[in-house]
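Order of the sequence lines fixes the chain letters, A, B, ..., with proteins taken first and strands second; residue numbering starts at 1 for each chain.
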Amino acid sequence: MEKKLSVAERQEVDRQLAVLQRGVAEILPAADLEKKLIRSVKTGKPLKVKLGLDPSAPDIHIGHTVVLNKLRQFQDLGHLVQLVIGDFTGRIGDPTGKSETRKQLTEDEVKENAQSYADQLFLILDREKTEIHLNSRWLSSLDFSAIVDLAAKTTVARMLERDDFSKRYHSGQAISVHEFFYPLMQGYDSVALESDVELGGTDQTFNLLMGRQLQPHYDQEEQVIMTMPLIEGLDGVKKMSKSLGNYIGIQEQASEIYGKSMSIPDDLMVKYYELVTDISLEKLGEVKKGLAEGTLHPRDAKMALAHQLTAMYHGEAAAEEAEAGFKRVFQERSLPQDIPAVPISSADLEDGEIWIVPLLAKLGLVASNGDARRMVKQGAVKIGEEKVTDVDARIALTEGMIVQVGKRKFAKVTMGS
RNA sequence: GGAGGGAUAGCGAAGUGGCCAAACGCAGCAGACUGUAAAUCUGCCGGCUCUGCCUUCGUAGGUUCGAAUCCUACUCCCUCCA
């Protein structure tokens, strides 16, 4: 048994625990985390904290940041982050959720994606305390007997406990044998890296536990599992994901981050505050209380959230500007500052005039001519201050004319030749 | 190896000879309202030279005055039995 902790060491462990427990869905098992932290504090050896990344989608959105922020906290406490890019795993396709066969990535694409990941991740993570690994390094060299050996460490019954496997099994949907290897491979990553902790979304619980189950077979101490809540996207219902298009990318423009943040349902605000911003627990409490008691206007709370998020990725100045732009367009209903200028060729004009329908299409404000007609009929089109409701209208173009469709789409006409 | 089920608009899902550019739901867009691009309500939601025309219902042929609907072949997906 270990030596008794000094008072200072005990305090340090408690401090770390307090930080790490915030906003977490589950720690499995909680006691093990404490045990590992105690050892780390005593020996000065950092914990190895692993996160697996999908190799095919290197677009980081704020849904990912829930986990990344937690990793950053580990780093700030002196621990080491191991990022695993599942380049090998990606060839099989994670059966989690919708199973669609993924296209196999070439080595170059993987490298490119890894670089792209790095660029984005280091907006949040500390480069000095981060290792990046490709799991093909250890997985591609396993031979068949090693694989059989690995597969023998778990059972079919255990596999079928996994939520989506069990659902598919009972509803008579196909489960390919190779899909069972996905959790095994992810678990083996932990073995290869001797991870102390693995993070993931709550939907990853099963896969994360697999690493924990495998490690003792390879004479390693089991890793601790930390799952983070999944965050709903802009629609407020479905998990934020790129494929659903309901996400806020951390590399998006400041005005986009601000605007998209403003479009989340009110009910989601507190969760966003809690999981994707770094405001203090006290402030979080104030916001919650203010909203509950009606002393804080939901709009103001959301604007503060949007501001905060924008500032995290673009800095305070850009956040100010995005906020001013938002107010200008949506609250004062006036024009934004940066209206794209689109050239219209004089060849398209007849006597200096052009029909409204093709004009909107040429300006890129509508998807098709039919769409243009619809917009006009619905009263969505404005030229300058004038609303245009006549589908047959012919417009006398002038340089710098502002054309607006709906609330958000603007274009400025410039005369090309 | 055998038997069966399926492929419909961005997604899900009706439709089984004419009333089908195709119900309905979701997503999307617009308008009204507002507290914001929240919520709610209303409308739109294949293309076009738009009271009409053109191209779509896995792919290619065929039957018919007329096909998403019937026939033939093919492709892909799924299930069950062995």
Please measure how far the [atom1] atom in [N] lies from the corresponding atom in [M], and state the result in whole Å.
N     : M     : atom1 : answer
B:C50 : B:U55 : C1'   : 15 Å
B:A73 : B:A27 : P     : 43 Å
B:G17 : B:A7  : P     : 16 Å
B:G62 : B:C44 : C1'   : 39 Å
B:G15 : B:C65 : C1'   : 23 Å
B:A68 : B:U16 : C1'   : 9 Å
B:C70 : B:A37 : P     : 49 Å
B:G25 : B:A14 : C1'   : 11 Å

Inset, instruction - Could you state the atom-to-atom distance from CZ of A:R373 to C1' of B:G52 in whole Å? - result: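 After rounding, the gap between these two atoms is 11 Å.
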Legend entry - Between C1' of B:C50 and CD1 of A:I356, the distance in whole Å: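 Rounded to the whole Å, the gap is 16 Å.
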Legend entry - salt_bridge(A:D196, A:K36) N-O dist < 4.0 Å: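 A:K36 and A:D196: salt-bridged.
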Any strand: nucleotide that pairs with [N] via Watson-Crick or wobble, under 3.5 Å:
N     : result
B:A39 : none
B:A22 : none
B:G66 : none
B:A13 : none
B:C45 : none
B:C76 : B:G6

Legend entry - Under 4.0 Å protein heavy-atom contact, by nucleotide of nucleotides 29-39 of chain B - B base, S sugar-phosphate only: SSS--BBBBB-
Legend entry - side-chain N/O A:S368 vs B:G46 OP1/OP2, d < 4.0 Å: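 No, no such contact exists.
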Legend entry - Distance test, side-chain N/O of A:N246 to OP1/OP2 of B:A27, below 4.0 Å: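 A:N246 to B:A27 OP1/OP2: no side-chain N or O under 4.0 Å.
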Inset, instruction - Sequence neighbours left out, what passes salt bridge (Lys or Arg N to Asp or Glu O under 4.0 Å) with A:E34? Give chain and number order. - result: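 A:E34: salt bridge (Lys or Arg N to Asp or Glu O under 4.0 Å) contacts with A:R10.
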Legend entry - Separation of A:I257 CD1 from A:M312 CE (nearest 0.5 Å):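 One gets 10.0 Å once the value is rounded to the nearest 0.5 Å.
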Inset, instruction - Working to the nearest 0.5 Å, report the span between CZ of A:F180 and CE of A:M159. - result: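 Answer for the CZ-CE pair, A:F180 versus A:M159, is 6.5 Å.
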Inset, instruction - For the residue pair A:F326 and A:Y258, categorise the inter-ring angle as parallel (less than 30°), tilted (30 to 60°) or perpendicular (more than 60°). - result: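 A:F326 and A:Y258: tilted rings.
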Inset, instruction - Look at the aromatic rings of A:Y218 and A:Y188 and report parallel, tilted or perpendicular, splitting at 30° and 60°. - result: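 A:Y218 and A:Y188: perpendicular rings.
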Legend entry - Test side chain to side chain donor-acceptor pair (under 3.5 Å) applied to A:K302 and A:S261, step by step: CA-CA 8 Å; A:K302 205 183 284 181; A:S261 301; over 6 Å; no
Inset, instruction - Report the residue from A:L51, A:T130, A:D76 that forms a side-chain contact (heavy atoms from CB on, under 4.5 Å) with A:L71. - result: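 Result for side-chain contact (heavy atoms from CB on, under 4.5 Å) with A:L71: A:L51.
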